[in-house]
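Counting starts at 1 for both ligands and their atoms, in listed order.
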Amino acid sequence: MKKSIGKILLPIAVCFLIGDALGSASEPVRLFVKEVPLKILGKTVTVIAIEQADGTEGYSPEKDEGFHVEVVNQLKVPTSLHWHGLILPNLMDGVPFVTQNPIPPGKSSRYDFPLKQSGTYWMHSHYGLQEQLYNSAPLIIWTPEERAKAVRQVVVMLSDFSFTPPEQILKGLKGETRPPSAQENPPGKKREASTPGKMVGKMSESSPSDVIAQKWDDQKQRLVRTIRSAPEAEIDVKYDALLANRRTLDDPEVIAVRPGESVLLRLIAASSSQNFYVDTGALDAELLAVDGKAVRPIKGSFFQLGVAQRLDLKVTIPKVGGAYPILAQGEGTQLLCGVVLITKGASVPQLSRTASFSTVALDNTQEKRLRALNPLPDRTIDRTLPAALGGDMSNYVWTINGAAYPNRKSLDIRGGERVGITFTISTNMGHPMHLHGHDFQVVEIDGEKISGAMRDTLMVPPSSKMTVAFDADNAGVWPLHCHLLYHLDTGMFTVVKYDGADTKFWQPAAQAKAFAPSN
Ligand SMILES: [Cu+2]
């Protein structure tokens with residue numbers, strides 16, 4: 001009996017093993033998009049998480065094995081996940097009403113493609129205002145080279161938190177509601193009042209005061225923190241707290257490290273609206289990559305990080321050991337968040353959630369210093385697309401080349417071209433601009449030509465002009481938009497469209513209908 005079962009089972013088992021060996025590469029990892037509780041400042045709120053069945057946050061595949069995911073929507077509303085920064089086939093890009101239909105509640109959607117990059121990426125909902133509820137997660141693409149960068153590697157997701165629901169924040173920005181009263185905030189430590197209704201156009205120009213800024217120390221050849229008298233950055237959403245890995249500094253993530261050990265911090269600005277300054281404090285850091293793409297290493301202890309961008313910072317824990325906070329301060333606020341690297345026996349320091357001073361706006365101090373380790377091949381630009389970033393502050397409408405999305409205007413290109421995009425801003429607000437499906441290189445900043453960083457998200461500071469270049473080698477309809485969620489939602493979005501691209505999912509009218517205000 002045993003034998004006969006064995007005879008029957010063996011071939012089945014062999015078939016199964018062979019099938020598994022061949023099929024394992026395409027076996028999808030299921031990513032569940034679901035509601036989870038989050039305790040912030042003593043209050044429990046409901047937010048969103050993207051988790052695998054075993055609770056792992058996000059998805060971090062081996063480059064060699066490719067990308068194989070099934071997104072399962074367990075929310076009560078539609079969703080759609082975008083794989084930020086990946087070079088992928090157009091229909092895998094995850095943008096509702098551009099490259100696919102939204103995933104209805106209870107349904108799922110499959111994503112399979114080869115991976116062309118490695119390093120620090122992330123995923124987030126591209127549906128409505130879900131990103132503000134942390135519908136986002138890390139996406140680290142591993143190779144032996146990525147693993148060899150440091151003994152220990154730590155992912156730090158930075159985000160912005162408000163007790164005010166995102167729809168309410170948006171209404172406040174549009175001037176449809178008054179800012180919530182202070183009673184909406186839980187009692188506790190002193191912090192900035194929540195004023196999500198504060199609007200750019202209605203603000204008086206801030207006068208110079210002592211603010212934190214970044215500077216290049218020419219003598220020591222490093223990026224450092226400085227305090228100078230300058231206007232504070234203008235920001236349009238003021239948050240109740242900033243989070244690092246979903247925690248405030250009252251109860252930060254504490255990461256055990258060893259004396260003398262190298263640590264690679266993979267910082268992701270997964271915030272909806274908040275740009276950051278990252279402070280490595282007593283640890284000297286080496287900036288190895290931005291947006292997952294290697295740069296010529298730059299030393300420093302104070303770095304700029306725009307919304308949706310990433311920084312790979314390598315630090316070495318001193319031989320004496322101790323506790324080393326890695327802090328991020330919000331641009332234009334005193335709010336701080338961060339994690340603590342700690343050696344055995346050291347105690348976790350009490351950390352304040354506020355800095356002594358606010359900050360200036362992000363600028364090009366850092367960007368001008370960055371040089372791609374793997375730049376685009378030498379070639380002249382065939383076609384330059386203009387992208388004038390504007391805003392009608394009084395109506396809270398944000399535009400590219402004078403137009404607010406949804407519309408059927410597109411920036412048209414042809415496959416095979418070297419394309420430039422020139423961003424210009426004439427207002428007091430910077431915009432972190434993201435192009436889907438391509439790596440681009442920063443080639444000109446305020447008239448100065450450089451072989452700058454390869455990126456997927458460019459922080460364009462107030463009153464600046466910057467040009468990026470990319471090779472048109474990935475046909476499709478590709479979003480180009482501001483990554484400040486409330487700017488994206490109120491118009492600062494367009495598409496770069498290849499000649500002859502499949503546009504069947506690009507439905508601006510359907511998007512306008514889906515997101516029409518319900519009241
Ligand atoms: Cu913007």
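- Residues W122 and H483 place their aromatic rings such that the two centres sit under 6.0 Å apart.
- Listed by chain and number, the protein atoms of type N/O/S under 2.8 Å from the Cu ion (ligand 1) are H431 ND1, C482 SG, H487 ND1; waters are omitted.
- Environment of CZ in R414: sparse, with no more than 12 heavy atoms of neighbouring residues, nucleotides or ligands closer than 6.0 Å.
- Of the listed residues (H82, H84, H481, E131), just one forms a side-chain hydrogen bond (donor to acceptor under 3.5 Å, both in side chains) with H126, and that residue is H481.
- A distance of 6.0 Å or more separates the ring centres of W83 and Y121.
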Inset, instruction - Would you please test Q274 and E331 for side chain to side chain donor-acceptor pair (under 3.5 Å) and show each step? - result: CA-CA 7 Å; Q274 185 70 69; E331 176 202 41; 5.2 Å; no

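- Look at R455 and E367 and you find a salt bridge, because one of the NZ, NE, NH1 or NH2 atoms lies within 4.0 Å of a carboxylate O, short of that distance.
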